[in-house]
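Beneath this line is the structure, given in structure tokens, with notes to follow.
Throughout, a chain's letter reflects where its sequence line sits, starting with A, and its residues are numbered from 1. Values reported hereafter were calculated over all heavy atoms of this structure, with side chains retained and with hydrogens, waters and symmetry mates removed.
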Protein chains: 2
Amino acid sequence: MPKVNIDRVLHALADPTRRAMLDRLGAGPLPASRLAAPLAITLTAVGQHLRVLEASRLVRTEKVGRVRTCRIETAGLSALEQWIGDRRSLWERRLDRLGAVLAEDDKGE
Amino acid sequence: MPKVNIDRVLHALADPTRRAMLDRLGAGPLPASRLAAPLAITLTAVGQHLRVLEASRLVRTEKVGRVRTCRIETAGLSALEQWIGDRRSLWERRLDRLGAVLAEDDKGE
DNA sequence: GAGATTGTCAAGTGAATACTTCAGTATTCG
DNA sequence: CGAATACTGAAGTATTCACTTGACAATCTC
């Protein structure tokens, strides 16, 4: 599987319209046109958003005949989850050490 | 604790310079000037990034005398983690149901 | 107090971004 | 076939965004 670029994922998720599209797809796959319908937006714009979402592996899309069906892909969010996890564990380890030092200080008091 | 806005968090994290600042702070608190030093960027720009990071509760900052000390705050990332978790569980529940339906089809075959 | 350090404010610039419209191209349907 | 549907591409626009410069303010150090 091709690697996921964290920069792309975060940039993709930073836009509220794209997040709305994701949430909509969360209920199940949809053709691009139906994805566009409730958003006050042209189909062209949706197509542009879709390219961004696909590049970040947050959605997968497949064209059959004249209709492009869009569905959630988990790779993007998983990559983000891991990115967060990496940082969180690092920081918490540091805070733990800090806590230990403070406790040691107390003992020495 | 004041609520964290997911839109702000994602927007803040979407910028590579801000992520670099975060990673740098992961090793421990720093004054703004030292945060600016290794980045090819003015102190003014760092100040602007800091406001964004603070608004999204990814860092906390405190000014003592003439130096502003910056440190990681966990609230922002936690909010994001929860946002992801919400979606993930929703989608997976849907995929589970889909799996069940397919299994049922197999049985009926 | 003089001079250096550290940060802040206001205003400006260039690039990126989310849109649009208009003009196509395939595909399905009567 | 011809008309409607579903999308795609190119080009333009308006806003946002990261960043800069330059002037100022507060604090520390000698």
Side-chain angles (χ1 to χ4, degrees), chain A residues 5-25 27-73 76 80, chain B residues 5-25 27-73 76 80:
Chain A
N5 180 349
I6 247 337
D7 193 55
R8 287 184 178 210
V9 174
L10 284 166
H11 169 241
L13 289 177
D15 183 85
T17 305
R18 280 191 291 262
R19 287 200 304 276
M21 289 170 66
L22 271 187
D23 278 348
R24 194 100 188 297
L25 288 177
L30 283 176
S33 45
R34 300 223 22 208
L35 199 49
L39 309 169
I41 238 186
T42 46
L43 184 56
T44 305
V46 168
Q48 287 162 0
H49 284 308
L50 278 176
R51 267 197 285 129
V52 174
L53 288 167
E54 258 191 297
S56 53
R57 302 205 47 199
L58 287 161
V59 311
R60 189 162 37 95
T61 145
E62 185 192 5
K63 190 157 183 179
V64 174
R66 66 184 163 173
V67 45
R68 175 168 303 275
T69 305
C70 316
R71 66 193 68 222
I72 296 275
E73 194 181 4
L80 180 53
Chain B
N5 180 347
I6 257 316
D7 192 55
R8 286 181 182 220
V9 173
L10 284 166
H11 170 242
L13 289 177
D15 183 85
T17 305
R18 280 191 292 260
R19 287 200 304 275
M21 290 170 65
L22 270 187
D23 279 347
R24 195 100 186 300
L25 289 176
L30 282 176
S33 48
R34 302 222 21 205
L35 199 50
L39 308 167
I41 239 184
T42 46
L43 184 57
T44 304
V46 167
Q48 286 162 359
H49 283 309
L50 279 175
R51 268 196 285 129
V52 173
L53 289 167
E54 260 193 295
S56 53
R57 305 207 42 198
L58 288 160
V59 311
R60 187 162 38 97
T61 166
E62 185 191 5
K63 190 159 184 179
V64 173
R66 65 184 165 176
V67 45
R68 175 170 301 277
T69 305
C70 317
R71 68 192 69 227
I72 296 275
E73 193 182 4
L80 180 53

Heavy atoms only: give me the nearest Leu35(A)-Cys70(A) pair and the separation to one decimal. CD2-SG, 4.3 Å
Let me know the distance between CG of Leu50(B) and P of dC17(D), rounded to the nearest Å. 17 Å
Looking at Thr42(A), I'd like to know whether one of its side-chain N or O atoms comes within less than 4.0 Å of OP1 or OP2 on dT20(C). yes
Within the structure, does a side-chain N or O atom of Thr17(B) lie under 4.0 Å from either OP1 or OP2 of dC19(D)? yes
Ignoring hydrogens and angles, does a donor from either the side chain of Gln48(A) or the base of dT20(C) sit under 3.5 Å from an acceptor on the other? yes
Taking only N and O in the side chain of Arg66(B), is any of them less than 4.0 Å away from OP1 or OP2 of dA4(C)? no
Between P on dT17(C) and CZ on Arg51(A), what's the gap in Å once rounded to a whole number? 12 Å
Arg24(B) atom CZ, neighbour heavy-atom count above 12 within 6.0 Å: yes
What nucleic acid atoms does Gly65(B) come within less than 4.0 Å of, heavy atoms only: base, sugar-phosphate, or nothing? sugar-phosphate
Can a donor-acceptor pair be found, under 3.5 Å and without considering hydrogens, that links the side chain of Arg19(B) to the backbone of Leu13(B)? yes
Interatomic distance, Arg34(B) CZ vs dG7(C) P [rounded to whole Å]: 11 Å
Look at the side chain of Arg68(A) and decide which nucleotide, out of dA18(D), dA18(C), dT8(D), has an atom nearest to it. dT8(D)
Would you please confirm or rule out a distance under 4.0 Å between OP1 or OP2 of dT16(D) and any side-chain N or O of His11(B)? no
Does Thr69(B) reach the side chain of Leu30(B), with side-chain heavy atoms less than 4.5 Å apart? no
Whole-Å distance, Ile41(A) CD1 to dT21(C) P, equals 12 Å
Just how far, in rounded Å, is P of dG7(C) from CG of Leu30(B)? 11 Å
Is Ala45(B) touching bases, backbone alone, or none of the nucleic acid, heavy atoms closer than 4.0 Å? base
Below the 4.0 Å mark, does dC19(D) have OP1 or OP2 next to a side-chain nitrogen or oxygen of His49(B)? yes
Taking the side chain as every heavy atom from C-beta outward, state whether Leu50(A) and Val46(A) have any pair of such atoms under 4.5 Å apart. yes
d(NZ, Lys63(A); C1', dT27(C)) in whole Å: 9 Å
Would you mind reading off the distance between Glu54(A) atom CD and dC7(D) atom C1', rounded to a whole angstrom? 14 Å
Distance below 4.0 Å between Arg18(B) side-chain N/O and dA18(D) OP1 or OP2: yes
Nearest-nucleotide comparison on DNA chain C, the residue closer to the 5′ end among Val52(A) and Val64(A): Val52(A)
Measure the distance from CZ on Arg8(B) to P on dC17(D) and round it to the nearest whole Å. 11 Å
Taking only N and O in the side chain of Thr44(B), is any of them less than 4.0 Å away from OP1 or OP2 of dC9(C)? no
